[in-house]
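Take a look at the structure set out below.
Owing to the predicted nature of the structure, the values given are computational and were not obtained by experimental measurement.
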Amino acid sequence: PVARLRAWLYTMPESPMLFPAFSIGFLALLWIATLHFIGIERSNTEQSMSVLSRELVTTYEAQVYRALRDIGQTLNLVKYAYELNGQPTVLQELKAKALLPSDLLFVIRITDQDGKVVANTRSAPPSNISDDPQFRITRATDQLSISLPRHDPVSGEASLLFSRRLTSANGNFAGIVMLSVATDHFVSGYEESKFGQQGLLGIVGDDGRFRVRRSGDLISDGEVVDRTFLTDSATGLDSAVLASTSSDGIARHVVARKLVNFPLIVVAGLADREQLQDLIRMRNDYLRGAAAGSVLLLLFTLLMWSMSWQLRTSRRHDIAERKRAEQSLRIAATAFDSQEAMLITDAGKMILQANRAFVSNTGYQADDLIGHGLQRLVSELHDADFYLAMWRSVDRTGIWQGEIWQTHANGNAFQKWLTISAVRDGDGVLINYVGSQYDITERKLAENKINELAFYDPLTGLPKRTQLQERLREVMKT
């Protein structure tokens with residue numbers, strides 16, 4: 001198993017699937033981490049929006065509650081004063097004593113039991129509101145009544161009407177007191193620095209209709225809201241709900257809260273996409289960074305795959321070359337151990353290798369030859385000039401061959417046919433000498449026997465006529 005593991009680790013860089021698999025895995029981790037981080041940032045941002053929405057609705061609740069409380073106290077004051085003396089002049093008396101709010105913002109009117117307006121903080125022609133639904137609603141209850149938004153037919157300004165029932169000393173219906181205020185008074189606290197340009201601030205009645213709503217600079221009323229707001233506010237969940245209104249279709253994180261002692265719900269919300277702009281920019285930056293990293297990783301993978309492919313091709317080529325070299329070596333080894341005696345030396349003529357045939361031919365053991373020079377093989381039958389000429393021929397032509405005497409291990413000289421070849425590397429530098437030889441002693445004996453039979457009589461041993469003629473020609477030449 002260990003050897004198999006080592007072999008796998010050795011060949012793993014050559015696998016064509018290594019770098020693509022690595023890239024896929026790294027890309028998966030990169031994108032998972034990027035999307036996970038974006039998800040965490042979005043969750044944190046949404047949580048922050050939810051917290052901010054609750055803070056905004058808390059502030060708005062306090063503002064609206066204070067305004068409604070002031071309106072209720074004003075109506076109670078007028079109700080008390082009118083029921084005390086029963087005179088319509090109570091408005092002028094209270095106004096003179098600065099007990100009423102400014103008539104620039106608030107308009108207070110008193111009607112009798114028949115709906116006739118008998119007192120008004122602003123000068124206006126006589127009128128009767130007995131047919132007004134608000135008159136009938138207020139007449140039937142002793143609680144504070146709040147009307148639907150009313151729009152001035154001339155200016156188009158919207159206002160809310162708050163009213164209380166007046167009772168005579170004998171307990172009979174004596175009329176109503178009404179306070180009218182512009183709806184934009186209740187959303188004047190909208191700050192673009194907090195809500196943005198698409199935030200939401202508004203008041204909703206129990207009927208699910210906006211009494212007033214503001215988003216940016218746009219103020220409107222009458223729109224039906226999602227019943228989810230009313231349900232959450234009634235149950236006191238006080239949680240931000242992601243919803244959109246029908247008028248603009250903008251998704252917002254909205255918090256609704258029921259006002260205590262009033263049939264109203266205050267609503268505050270932040271536009272989802274507007275508040276997520278920083279997150280969207282950051283997300284786009286992350287996605288661009290991840291995309292750029294992916295491209296670089298793919299280019300790196302392509303480069304590494306190309307290098308791996310070249311390495312794999314080169315290794316296969318090297319393996320093929322090694323196999324061919326091994327095969328050549330086996331062939332050379334087989335040839336080297338053939339019946340022909342062979343000897344290999346280095347460039348300094350130091351014996352490196354001798355085959356079995358050479359050992360058998362010379363009588364020397366391989367250990368007696370390897371590491372030694374050629375001196376012990378030199379025969380005294382040749383002088384120094386012969387050997388000098390022989391090696392010069394080898395160095396000049398790269399080869400020499402001819403008959404030569406050699407000394408046997410037993411001291412006897414014998415004739416051989418010797419071929420010496422010079423081996424050079426790719427740069428032409430001499431690295432080895434290779435010598436091959438075979439014993440020609442028997443052949444020489446046979447040649448001598450033939451000459452003897454050809455030129456001498458076998459019985460007498462005297463030269464034959466052919467021999468005499470040959471010697472005569474030699475004498476004549478000299």
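- T58 has its side chain within reach of R257: a pair of non-hydrogen atoms, C-beta onward, lies under 4.5 Å apart.
- Taking the charged nitrogens against the carboxylate oxygens, R213 and E223 do have a contact shorter than 4.0 Å, which makes a salt bridge.
- Counting non-hydrogen atoms of other residues, nucleotides and ligands closer than 6.0 Å to CG of D367 gives a total of 12 or fewer.
- Sparse packing is recorded around CG of D217, with 12 or fewer heavy atoms of other residues, nucleotides or ligands lying under 6.0 Å away.
- Ring centers of Y364 and H408: at least 6.0 Å apart, outside the cut-off.
- The CD atom of Q275 lies 7.0 Å from the CG atom of L52; values are rounded to the nearest 0.5 Å.
- For the pair L374 and I351, the minimum side-chain heavy-atom distance is below 4.5 Å.
- From L303, atom CG reaches atom CG of L298 across 12.5 Å, with rounding to the nearest 0.5 Å.
- Inter-residue side-chain proximity for V225 and V267 is flagged as unmet; no heavy-atom pair is nearer than 4.5 Å.
- Residue pairs that meet the ring-ring contact (aromatic ring centres under 6.0 Å, His included) test with at least one member in residues 256-295, sequence neighbours left out, are F37-Y286, Y65-F262.
- A heavy-atom distance below 4.5 Å is not found between the side chains of F210 and I203.
- Counting heavy atoms from C-beta outward, R324 and R322 have side chains that stay 4.5 Å or more apart.
- In this structure, CD1 in I370 is found 11.0 Å from CD in Q365, a value given to the nearest 0.5 Å.
- Residue E380 places its CD atom among 12 or fewer non-hydrogen atoms of other residues, nucleotides or ligands, all under 6.0 Å distant.
- To the nearest 0.5 angstrom, R42 atom CZ is 8.0 Å from R283 atom CZ.
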Return a table of donor-acceptor pairs under 3.5 angstrom between the side chains of residues 343-350 and protein atoms on other chains or two or more places apart.
from, atom 1, to, atom 2, distance (Å)
D346, OD1, G348, N, 3.0
D346, OD1, K349, N, 3.0
D346, OD1, M350, N, 2.7

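- Between the CD1 atom of I146 and the CD1 atom of I71 there is a distance of 8.0 Å, given to the nearest 0.5 Å.
- With ring centers used as reference points, W31 lies 6.0 Å or more from F26.
- Between the side chains of R54 and S50, a donor-acceptor pair is found at a separation under 3.5 Å.
- Annotation: Q47, atom CD; neighbour count of heavy atoms from other residues, nucleotides and ligands within 6.0 Å does not exceed 12.
- Considering only heavy atoms from C-beta on, L287 comes within 4.5 Å of I38 through its side chain.
- Residues L68 and V64 meet the side-chain proximity criterion, which asks for heavy atoms closer than 4.5 Å.
- For R273, the CZ atom counts as loosely surrounded, since its 6.0 Å shell holds 12 or fewer non-hydrogen atoms of other residues, nucleotides or ligands.
- Counting heavy atoms from C-beta on, the side chains of F358 and L369 come closer than 4.5 Å.
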Check: What's the verdict on side chain to side chain donor-acceptor pair (under 3.5 Å) for R252 and S215, showing C-alpha distance, side-chain angles and the deciding distance?
Finding: CA-CA 11 Å; R252 298 180 176 90; S215 179; 3.1 Å; yes
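- Although no hydrogens or angles enter the test, the distance criterion places a donor-acceptor pair under 3.5 Å between the side chain of N355 and the main chain of M342.
- Using a 4.0 Å cut-off between a side-chain N of Lys or Arg and a carboxylate O of Asp or Glu, R392 and D395 do not qualify as a salt bridge.
- In this structure a side-chain-to-backbone donor-acceptor pair under 3.5 Å is present from E274 to Q197.
- M390 contributes atom CE, which lies 12.5 Å from atom CG of D385 (distance to the nearest 0.5 angstrom).
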